[in-house]
**Student:** 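One structure follows; several queries about it will come next.
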Amino acid sequence: MSETESRDFIRQIIHDDLESGKHEQIVTRFPPEPNGYLHVGHVMSICLNFGVAAETGGRSYLRFDDTNPGRESEEYVTAIERDVRWLGFDWADRLTHASDYFERLYEVAIALVESGAAYVDSLSADEIREYRGTLTEPGKNSPHRDRTVEENLALLAGMRNGDFADGEHLLRARIDMSSPNMNLRDPALYRIRHVTHQRTGDDWCIYPMYDFAHTLSDAFEEITHSLCTLEFEDHRPLYDWFLDQLKPAQRPRQIEFSRLNLAYAITSKRKLNALVEEGIVEGWNDPRMPTIAGMRRRGYPAAALREFVKRGGVTKKDKLIEMGVLENCIRENLADDAERRMGVLRPLKVVLTNYAEDKVEMMQAMNHPGRPELGTREMPLSRELWIEQDDFMEEAPRKFFRLKPEGEVRLRFGYIIRCDEVIKNEAGEVIELRCSYDPDTRSGTGSSDRKVKGTIHWVSCAHAMDASVRLYDRLFTEVNPNSADDFHAVLNGDSLETVGAKLEPALAELDGAVAVQFERLGYFCTDSEEHSTDAPVFNRIVTLRDSWAKLEKQAMQQQV
RNA sequence: UGGGGCGUAGCCAAGUGGUAAGGCAUCGGGUUUUGAUCCCGUGUACCGCAGGUUCGAAUCCUGCCGCCCCAGCCA
């Protein structure tokens, strides 16, 4: 990074800490709870934490915050590891779990009790809530707050030993029940939970709370900068309180930044989970989901996601970023690399009346207009073709330069054709076009330099490959579904449309998850779950920009 | 109505006392056998509002307004 380039406030702090010699090496961590899949919001945190360390020659941990067994599972652990790696980051041998430290955490708890900084409370959950006070009224001390160290030690040992039922006792920090900061009103440190933990099994029946486990884990791992989101800002005094008690040689500093919210998307694990549980989407990796798994299956390149969060920036201001920014990153990423192919999503038959019945010509098609080194492929052309329904209009406006009655258009890499006749069914719907082609206009031969305004894509009927193509749209109709009272009310019923498409034969050889551009339509890839050679299934990653659609929309609005 | 944050163009975002970068979107135009890509060009943003300090303030001070977060034995 050059001197003149501006740094976000966190990178500035880190830069200063390195410059001043406060730290020789930066150590960060990304600490997800394995209770759900990672989403766009996490992408930002991952890029920040791993990015900042990588940029400064530091190191980062991938640490699972697994302190609440019962709602956490290995499935999520596996998914999270895969997602972080796919995004392009590496934690080397620094994959840890809060549960790795359960023994050390417990030792610290004992030390806290011994120093009088923690005590065992025996109030019920309801009573504790009452004693806590409210936002505007101070809380009051628990009657158990002044138990002796010996009593507390014995009780804590009993808790660990399994002598008590869930909820019977609770280890609390002794701080200040009248603090205006709720987090300091004697926060819970350990609760009793007779639950099997996914990693430690039945070794424990007491589990540490987030603030305690997280702060100490940071200290144990000698994290220098503990970067988290804004909602933890008022936990910082507690974070610092723990550090004051522990006095670690390497004292981590917590810095908060605002979350990244994506327009028309939800980024709440609870709600994302509800979408999955209620069957509103097909799973955590449904291509409409803003999860990393969903976006990967959709075909979003990891580099585009990284670029996206980079454009969002790192600040403390609440942000709601437009979908268009994400889509542009994807288009920009794919534009240079994706090879071009042709596919017709909503087929309309065209018969070339002056083209011989059994004739087939192989047309040379460029794989990428801007990169001739990517070569060409052959596309069979015959008497009957499929073109896009949208590329024909019976009563077309002046600026519509596709096909219309008695109008001409060029077939991409083919001939100029003219629409002579429109065939309709009883319902009055156009079902076929009879056209004639001009043999002198074959693409590339130059026997005629006639120009027509429009060029459309096509696929030969006899050679077309049938495929199921999924067209995705935003999952919600509200810009900020996060704030809706009930997200069900703002679900977009048309977020998925599946069409029976006709694809050019070369698409049969498409390899894996490689993205291709269907000319004039968008970028597509095969679906990692359901695609097969026998039954091809494609996902639309993102459409191409469409200035015609924009014009149409404007025209519609003017009429209204 | 306690505490903690945040308020610069439609969306992001630089700027930290010297008279408002940049990106995306928008809107023009050029190239183009993808209405794509690419290339040019395009914005008076009352810097939340109102006062004050100063020769000079988005930047300092005061008051106000708006939005977000906190009362889990969740993270």
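By convention in this document, chain letters (A, B, ...) are assigned in the order of the sequence lines, proteins followed by strands, and residues within each chain are numbered from 1.
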**Student:** Let me know which of I387(A), D438(A), L403(A) forms a side chain to side chain contact (heavy atoms under 4.5 Å, CB included) with I417(A).
**Tutor:**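 Running side chain to side chain contact (heavy atoms under 4.5 Å, CB included) over I387(A), D438(A), L403(A) with I417(A) returns exactly one hit, L403(A).
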**Student:** For G72(B), does either OP1 or OP2 sit under 4.0 Å from a side-chain N or O belonging to R132(A)?
**Tutor:**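 It does, given that an N or O in the side chain of R132(A) lies less than 4.0 Å from OP1 or OP2 of G72(B).
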**Student:** With sequence neighbours left out, which residue pairs that include part of residues 258-269 of chain A fulfil the salt bridge (charged side-chain N to carboxylate O under 4.0 Å, His left out) condition?
**Tutor:**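 As it turns out, the salt bridge (charged side-chain N to carboxylate O under 4.0 Å, His left out) pairs with a partner in residues 258-269 of chain A, which skip direct neighbours, are E231(A)-R259(A).
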**Student:** Pick base, sugar-phosphate or nothing for E256(A), based on heavy-atom distances below 4.0 Å to the nucleic acid.
**Tutor:**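 Touches nothing.
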**Student:** Please report the distance separating the P of C47(B) from the corresponding atom of G10(B), rounded so that it comes out in whole Å.
**Tutor:**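 Comparing P positions in C47(B) and G10(B) gives a spacing of 13 Å.
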**Student:** Answer with base, sugar-phosphate or nothing: what part of the nucleic acid does L170(A) contact at a heavy-atom distance below 4.0 Å?
**Tutor:**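 Result for L170(A) = base.
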**Student:** Judged by each residue's nearest nucleotide on RNA chain B, which is more toward the 5′ side, L544(A) or K550(A)?
**Tutor:**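 Going by which nucleotide is closer to the 5' end, it is K550(A).
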**Student:** Taking OH from Y131(A) and P from G72(B), how many angstroms apart are they, rounded to a whole number?
**Tutor:**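 Distance check: Y131(A) OH to G72(B) P gives 16 Å.
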**Student:** To the nearest Å, give me how far apart CG (D8(A)) and P (C6(B)) are.
**Tutor:**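 So the CG-P distance, D8(A) to C6(B), works out to 15 Å.
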**Student:** Identify, with sequence neighbours excluded, every residue that meets side chain to side chain donor-acceptor pair (under 3.5 Å) alongside D8(A).
**Tutor:**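 With neighbours one apart ignored, the set is R11(A).
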**Student:** Which residues pass the side chain to side chain contact (heavy atoms under 4.5 Å, CB included) test with L230(A), not counting sequence neighbours?
**Tutor:**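 Residues passing side chain to side chain contact (heavy atoms under 4.5 Å, CB included) with L230(A): E233(A), E256(A), S258(A), K316(A), D318(A).
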**Student:** Can you tell me how far C1' in C27(B) sits from the matching atom in U33(B), rounded to whole Å?
**Tutor:**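 Nearest-Å result for C27(B) against U33(B) at atom C1': 27 Å.
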**Student:** Looking at E33(A) and R71(A), does any basic side-chain N land under 4.0 Å from a carboxylate oxygen?
**Tutor:**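 Yes, charged N to carboxylate O under 4.0 Å.
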**Student:** Considering only atom P, compute the distance from C60(B) to G66(B) and round it to an integer number of Å.
**Tutor:**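 It comes out at 23 Å once rounded to the nearest Å.
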**Student:** Stacking check: are the rings of Y210(A) and A75(B) less than 5.5 Å apart at their centres and under 30 degrees in tilt?
**Tutor:**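 Here Y210(A) fails the 5.5 Å or the 30° condition.
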**Student:** Please state whether the phosphate of A75(B), meaning OP1 or OP2, lies under 4.0 angstrom from any side-chain nitrogen or oxygen of T67(A).
**Tutor:**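 Answer yes for this pair, as a side-chain N or O of T67(A) is under 4.0 Å from OP1 or OP2.
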**Student:** For a quick check under 3.5 Å, do Y523(A) and Q517(A) share a side-chain donor-acceptor pair by atom type?
**Tutor:**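 On atom types as modelled, these side chains qualify, holding a pair under 3.5 Å.
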**Student:** Separation of K316(A) atom NZ from A13(B) atom P, in whole Å?
**Tutor:**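 Answer to the nearest Å: 13 Å.
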**Student:** For residues 168-179 of chain A, which side-chain donor-acceptor pairs fall under 3.5 Å, sequence neighbours excluded?
**Tutor:**
from: E168(A); atom 1: OE1; to: A165(A); atom 2: N; distance (Å): 2.7
from: H169(A); atom 1: ND1; to: S122(A); atom 2: OG; distance (Å): 2.8
from: R172(A); atom 1: NE; to: D121(A); atom 2: OD2; distance (Å): 3.3
from: R172(A); atom 1: NH1; to: D186(A); atom 2: O; distance (Å): 2.8
from: R172(A); atom 1: NH2; to: D121(A); atom 2: OD2; distance (Å): 3.0
from: R174(A); atom 1: NE; to: R145(A); atom 2: O; distance (Å): 3.4
from: R174(A); atom 1: NH1; to: G116(A); atom 2: O; distance (Å): 2.4
from: R174(A); atom 1: NH2; to: R145(A); atom 2: O; distance (Å): 2.2
from: D176(A); atom 1: OD1; to: S178(A); atom 2: N; distance (Å): 2.8
from: D176(A); atom 1: OD1; to: S178(A); atom 2: OG; distance (Å): 2.8
from: S179(A); atom 1: OG; to: N181(A); atom 2: N; distance (Å): 3.0
from: S179(A); atom 1: OG; to: N181(A); atom 2: O; distance (Å): 3.2

**Student:** Can you tell me how far P in A58(B) sits from the matching atom in A50(B), rounded to whole Å?
**Tutor:**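 Straight-line distance between the two P atoms is 13 Å.
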**Student:** How long is the line joining CH2 of W548(A) and C1' of U37(B), in whole Å?
**Tutor:**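 Result: 21 Å.
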**Student:** Please report the distance separating the C1' of A14(B) from the corresponding atom of G23(B), rounded so that it comes out in whole Å.
**Tutor:**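 It comes out at 11 Å once rounded to the nearest Å.
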**Student:** Test for a donor-acceptor pair under 3.5 Å between the base of U34(B) and the side chain of T455(A), counting only N and O atoms.
**Tutor:**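 No such pair is found, so the answer is no.
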**Student:** Please state how far atom CG in L189(A) lies from atom P in A75(B), giving the value in whole angstrom units.
**Tutor:**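 These atoms are roughly 12 Å apart.
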**Student:** Checking side-chain polar atoms at under 3.5 Å, does N367(A) have a donor or acceptor matched by the opposite partner on R341(A)?
**Tutor:**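 A donor-acceptor contact under 3.5 Å links the two side chains.
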**Student:** In whole angstrom, what separates K271(A)'s NZ from C74(B)'s P?
**Tutor:**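 So the two atoms are 21 Å apart, to the nearest Å.
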**Student:** Find which nucleotide of RNA chain B each of E137(A) and R191(A) is nearest to by heavy atoms, and output the residue with the more 5' nucleotide.
**Tutor:**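 Result of the comparison: E137(A).
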**Student:** Reckon Y415(A) touches a base, only the sugar-phosphate, or nothing at all at heavy-atom distances under 4.0 Å?
**Tutor:**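 No contact.
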**Student:** Side-chain N or O of R520(A) less than 4.0 angstrom from OP1 or OP2 on G35(B)?
**Tutor:**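 Yes, because at least one side-chain N or O of R520(A) sits under 4.0 Å from OP1 or OP2 of G35(B).
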**Student:** Between the protein and nucleotides 67-70 of chain B, list the N/O to N/O atom pairs that are separated by less than 3.5 angstrom.
**Tutor:**
from: C68(B); atom 1: O4'; to: D318(A); atom 2: OD2; distance (Å): 3.4

**Student:** Please confirm whether the shortest side-chain N or O distance from R545(A) to OP1 or OP2 of U26(B) is below 4.0 Å.
**Tutor:**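 Yes, within the criterion.
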**Student:** When the P atoms of G17(B) and A25(B) are considered, how many whole Å apart are they?
**Tutor:**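 My reading of the P atoms in G17(B) and A25(B) gives 34 Å.
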**Student:** Please report the distance separating the P of A45(B) from the corresponding atom of G3(B), rounded so that it comes out in whole Å.
**Tutor:**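 Straight-line distance between the two P atoms is 37 Å.
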**Student:** Tell me the interatomic distance from H457(A), atom NE2, to A36(B), atom C1', rounded to whole angstroms.
**Tutor:**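 Result: 13 Å.
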**Student:** Within the pair R193(A) and C74(B), is there a side-chain N or O less than 4.0 Å away from OP1 or OP2?
**Tutor:**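 It does, given that an N or O in the side chain of R193(A) lies less than 4.0 Å from OP1 or OP2 of C74(B).
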**Student:** Expressed in whole Å, how much space separates the C1' atoms belonging to G72(B) and C65(B)?
**Tutor:**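 So the two C1' atoms sit 33 Å from each other.
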**Student:** Check the phosphate of A13(B) against T315(A), side-chain N and O only, distance under 4.0 Å to OP1 or OP2. Yes or no?
**Tutor:**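 For A13(B), OP1 or OP2 has a side-chain N or O of T315(A) closer than 4.0 Å.
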**Student:** How long is the line joining CG of L123(A) and P of A71(B), in whole Å?
**Tutor:**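 Atom-to-atom, L123(A) to A71(B), this comes out as 19 Å.
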**Student:** With a 4.0 Å cut-off on heavy atoms, is Y207(A) in touch with a base, just the backbone sugar-phosphate, or nothing at all?
**Tutor:**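 Answer is nothing: Y207(A) stays at 4.0 Å or more from every strand.
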**Student:** By side chain to side chain contact (heavy atoms under 4.5 Å, CB included), which residues pair with T455(A), not counting sequence neighbours?
**Tutor:**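 If we apply the side chain to side chain contact (heavy atoms under 4.5 Å, CB included) test to T455(A), skipping adjacent residues, the hits are R410(A), R412(A).
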**Student:** Please determine whether a side-chain nitrogen or oxygen atom of K319(A) lies at a distance below 4.0 Å from atom OP1 or OP2 of A13(B).
**Tutor:**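 Yes.
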**Student:** Is T136(A) near enough to G3(B) that one of its side-chain N or O atoms lies under 4.0 angstrom from OP1 or OP2?
**Tutor:**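 It does not, given that no N or O in the side chain of T136(A) lies less than 4.0 Å from OP1 or OP2 of G3(B).
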**Student:** Treating a pair as Watson-Crick (purine N1 to pyrimidine N3 plus N6-O4 or O6-N4) or G-U wobble (N1-O2 and O6-N3) with both distances under 3.5 Å, list the stems of 3 or more consecutive pairs that involve RNA chain B.
**Tutor:**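 In RNA chain B, stems of three or more pairs: B:2-7 with B:65-70, B:10-12 with B:22-24, B:27-30 with B:38-41, B:48-52 with B:60-64.
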**Student:** Kindly say if N328(A) contacts the phosphate of A25(B), meaning a side-chain N or O under 4.0 Å from OP1 or OP2.
**Tutor:**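 So the side chain of N328(A) is within the cut-off, an N or O lying under 4.0 Å from OP1 or OP2 of A25(B).
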**Student:** Which residues pass the side chain to side chain donor-acceptor pair (under 3.5 Å) test with Y76(A), sequence neighbours left out?
**Tutor:**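 Result, side chain to side chain donor-acceptor pair (under 3.5 Å) vs Y76(A): none returned.
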**Student:** Holding to side chain to side chain donor-acceptor pair (under 3.5 Å), I want the full list of residues that pass it with E130(A), two or more places apart in sequence or in another chain.
**Tutor:**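 Partners of E130(A) under the side chain to side chain donor-acceptor pair (under 3.5 Å) test: none.
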**Student:** Do any side-chain nitrogens or oxygens of R450(A) fall under 4.0 Å of OP1 or OP2 in U33(B)?
**Tutor:**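 The answer is no; no side-chain N or O of R450(A) sits under 4.0 Å from OP1 or OP2.
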**Student:** Does the side chain of R311(A) get closer than 4.0 angstrom to OP1 or OP2 of C12(B) through an N or O atom?
**Tutor:**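 Checking R311(A) against C12(B): no side-chain N or O falls below 4.0 Å of OP1 or OP2.
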